[in-house]
S.K.: 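Here you go, one structure.
Because the structure is predicted, anything quoted here is derived from the model rather than measured. One-based numbering along the sequence shown.
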Amino acid sequence: VVGTRDHGVVFTDPHGARTPRDPITRGSDRPAKLALSADGRRLAVGWAGGAGITVHDLAGGGLLGTFKDSPFALSPDGRWLAVPEGPDVVLRPVAAGEPRVVLGRRAGARA
């Protein structure tokens with residue numbers, strides 16, 4: 001996957017050539033940060049201009065969750081998004097129905 005200014009997140013083959021797969025877009029916003037899960041199954045995209053964060057299933061490209069704009073890190077298994085909330089570092093579940101986990105106070109933390 002590659003984040004582009006004009007086409008959103010595009011998919012490439014092992015040689016870097018763009019594939020015909022539809023890109024991941026969010027209106028006219030451009031991707032500012034990409035994070036892949038360690039198993040390559042999920043992708044988190046931080047969108048420029050305060051447009052938030054989206055998490056996608058890479059097999060089908062489906063949207064799994066949306067989050068407000070902040071620094072973030074995707075867990076290795078792709079199930080959690082680490083974000084700062086005030087002075088706390090919090091794990092937010094990508095799937096609905098699971099409670100968030102407060103890791104502790106880390107004022108000024110950046111994911």
S.K.: Provide the closest heavy-atom pair for Arg42 versus Gly78 in the form atom of the first, atom of the second, distance.
M.R.: NH1-O, 2.9 Å

S.K.: Which atom names give the shortest non-hydrogen contact between Pro23 and His7, and what distance separates them?
M.R.: CB-O, 3.3 Å

S.K.: Name all pairs fulfilling the salt bridge (charged side-chain N to carboxylate O under 4.0 Å, His left out) condition that reach into residues 9-21, sequence neighbours left out, sorted by first residue then second.
M.R.: none

S.K.: Which of these passes side-chain contact (heavy atoms from CB on, under 4.5 Å) with His56: Val94, Val1, Val45, Val9?
M.R.: Val45

S.K.: Begin from the C-alpha positions of Thr4 and Asp6 and carry the test side chain to side chain donor-acceptor pair (under 3.5 Å) through to its verdict.
M.R.: CA-CA 6 Å; Thr4 71; Asp6 301 329; over 6 Å; no

S.K.: Of all residues at least two apart in sequence or in a different chain, which pass the side chain to side chain donor-acceptor pair (under 3.5 Å) check with Asp77?
M.R.: Ser75

S.K.: Can you measure from CG (Leu64) to CG (Leu81) and round to the nearest 0.5 angstrom?
M.R.: 11.5 Å

S.K.: Using the rule that two of Ile, Leu, Val, Met, Phe, Trp, Tyr join whenever any of their side-chain heavy atoms come within less than 4.5 Å, decide whether Val89 and Val101 are in one cluster.
M.R.: yes

S.K.: Go through the structure and list residues passing salt bridge (Lys or Arg N to Asp or Glu O under 4.0 Å) with Arg92, not counting sequence neighbours.
M.R.: Glu85

S.K.: Over all heavy atoms of both residues, which pair between Phe72 and Ala35 is shortest? Give the atoms and the distance, please.
M.R.: CE1-CB, 3.9 Å

S.K.: In the single-linkage hydrophobic clustering (I, L, V, M, F, W, Y; side-chain heavy atoms under 4.5 Å), do Phe11 and Leu34 co-cluster?
M.R.: yes

S.K.: Between Pro31 and Gly3, what is the shortest heavy-atom contact and its length?
M.R.: CG-CA, 3.7 Å

S.K.: Determine the sole option in Thr25, Asp29, Thr54 for which the side-chain hydrogen bond (donor to acceptor under 3.5 Å, both in side chains) test with Trp47 is passed.
M.R.: Thr54

S.K.: Going hydrophobic residue to hydrophobic residue with side-chain gaps under 4.5 angstrom, can you get from Val55 over to Val83?
M.R.: yes

S.K.: Measure the spacing between CD1 of Ile53 and CG of Asp69 and express it to the nearest 0.5 Å.
M.R.: 6.0 Å

